[in-house]
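The block underneath contains the structure these notes are about, expressed in structure tokens.
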Amino acid sequence: MEYRDFIEICAAIFGLLLGSFANVCISRLPDNESVVQPRSHCRRCGAMIAWYDNIPLLSFVLLGGRCRTCKALISWRYPTVEALTGGWFWLAVRMNGLDWVAAKWCLFGFILVELLFSDLESRILPDEFTLGGWMAAIALAPLAPPPRGLIALFMEGQSARFAGLAGAVLGSVVLAGLLWAVGWAYLLVRKREGLGLGDVKLLGMMAAFLGLESAIVVLLGASLAGSVIGLLWIKWKGEDASTFELPFGSFLGAAGLLVALIAMFRPAAQ
């Protein structure tokens, strides 16, 4: 086995472990529960889960997708999140090697997978991931800057690290500010909330990772997909369109992963 293959396998295993942790966050953070204590347990019968029943992907297969104690079905969300995160880490390291760019994409994928499924299940985007991810993206920007865009035109003559940091900060603030203004105007006119503050934080975080222009593409893509799929779902389920709460953060997360995937492949295509 070559060294590069070994590193990629290690990245995938680390991603699987973080995917398992993401599942804990998805289950507990919306209810303001600790992600440390108590240790993992069945959400139905309360039985503590032994370490050998908590191995990412493998335990789900060996248990047949059921709790060892009460035989309750284990949600497919658990292996899905683990597989997505593990696969994403493997791909990020394979495409970029072991560097700060790979670390940036790994972190971005981990955050978005957690937020995607959290919003899908509970309509909550935890600050620990939106604001925490935002700060992490800005901290990584000098080492792994977002793609150069319009903001870079005002940074001529500056060092690459400073330009990367400024681009991440300004791009995220501009996009989050504009989105917040749109949401505030909608609330003022329609007298009801049309956009959650969590979505604003999520877009700001993504702009810090992806750059302003790519984050706008994410917003447009998520809006289009959310409108089409949301309308189809409302018609199929007979929901009330005026009260139905669309998990827009999930659409943003999926679009963000797609745009990041394209960005990872772009250097190899050049």
Side-chain angles (χ1 to χ4, degrees), residues 1-31 33-43 47-69 73-122 125-133 135-137 139-140 144 205 209 250 253-254 256-257 260-261 264:
M1 179 185 296
E2 296 184 1
Y3 174 75
R4 178 173 177 176
D5 296 329
F6 175 73
I7 293 298
E8 291 171 7
I9 291 173
C10 288
I13 293 173
F14 187 54
L16 287 172
L17 294 173
L18 281 182
S20 181
F21 176 67
N23 275 318
V24 175
C25 296
I26 293 167
S27 296
R28 299 189 186 188
L29 287 180
D31 296 324
E33 296 179 11
S34 169
V35 297
V36 180
Q37 294 292 337
R39 63 186 179 86
S40 297
H41 57 279
C42 174
R43 305 291 285 186
M48 294 297 173
I49 299 175
W51 68 266
Y52 48 80
D53 285 339
N54 208 22
I55 302 172
L57 292 184
L58 182 61
S59 293
F60 182 86
V61 174
L62 294 178
L63 290 170
R66 292 182 179 273
C67 170
R68 182 182 293 274
T69 304
L73 287 173
I74 300 172
S75 171
W76 274 93
R77 183 254 288 170
Y78 289 88
T80 301
V81 168
E82 291 165 355
L84 280 175
T85 311
W88 186 271
F89 274 53
W90 172 82
L91 183 62
V93 172
R94 182 172 182 81
M95 296 303 299
N96 299 280
L98 198 61
D99 60 9
W100 285 111
V101 175
K104 164 188 166 179
W105 290 130
C106 285
L107 178 62
F108 186 62
F110 166 66
I111 291 171
L112 285 195
V113 169
E114 197 282 342
L115 292 172
L116 190 161
F117 284 91
S118 178
D119 196 48
L120 196 61
E121 287 193 7
S122 63
L125 298 168
D127 285 345
E128 289 86 347
F129 282 83
T130 53
L131 294 181
M135 290 186 287
L140 282 170
M205 182 267 291
F209 271 106
S250 297
L257 288 173
L261 188 64
M264 277 196 286

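Between Asp5 atom CG and Arg94 atom CZ the span is 7.5 Å, to the nearest 0.5 Å. Within the model, atoms CH2 of Trp90 and CE of Met95 stand 9.0 Å from one another, a figure rounded to the nearest 0.5 Å. One finds the OG atom of Ser122 at 9.0 Å from the CD1 atom of Ile26 (value rounded to the nearest 0.5 Å). Rounded to the nearest 0.5 Å, atoms CZ (Arg77) and OG (Ser27) are 3.5 Å apart. Here the CD atom belonging to Glu128 is positioned 5.0 Å from the CG atom belonging to Leu29, to the nearest 0.5 angstrom. Arg66 CZ to Leu73 CG: the interatomic distance, rounded to the nearest 0.5 Å, is 4.0 Å.
You'll find the ring centres of Trp88 and Phe108 outside the 6.0 Å limit. In summary, the aromatic rings of Phe110 and Phe129 are positioned with their centroids under 6.0 Å apart.
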Stepwise, does the side chain to side chain contact (heavy atoms under 4.5 Å, CB included) test hold for Met205 with Leu112? CA-CA 10 Å; Met205 182 267 291; Leu112 285 195; 4.0 Å; yes
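Using a 4.5 Å heavy-atom cutoff, the side chains of Asp119 and Leu115 are not in contact. Side-chain contact check for Tyr78 versus Ser59: every heavy-atom pair is 4.5 Å or farther apart. Between Arg68 and Leu62, the closest side-chain pair of non-hydrogen atoms is not below 4.5 Å. No side-chain heavy atom of Trp51 sits under 4.5 Å from any side-chain heavy atom of Arg39. A 4.5 Å side-chain heavy-atom check between Leu257 and Val113 finds at least one atom pair inside the cut-off. Between Pro126 and Ser118, the closest side-chain pair of non-hydrogen atoms falls below 4.5 Å. Using a 4.5 Å heavy-atom cutoff, the side chains of Leu107 and Phe209 are in contact.
In plain terms, the two heavy atoms of Met264 and Ala92 that are nearest each other are SD-CA, 3.6 Å.
For the salt bridge (charged side-chain N to carboxylate O under 4.0 Å, His left out) test, no residue two or more places apart in sequence or in another chain qualifies with Asp99. With sequence neighbours excluded, the residues satisfying salt bridge (charged side-chain N to carboxylate O under 4.0 Å, His left out) with Glu33 are Arg43.
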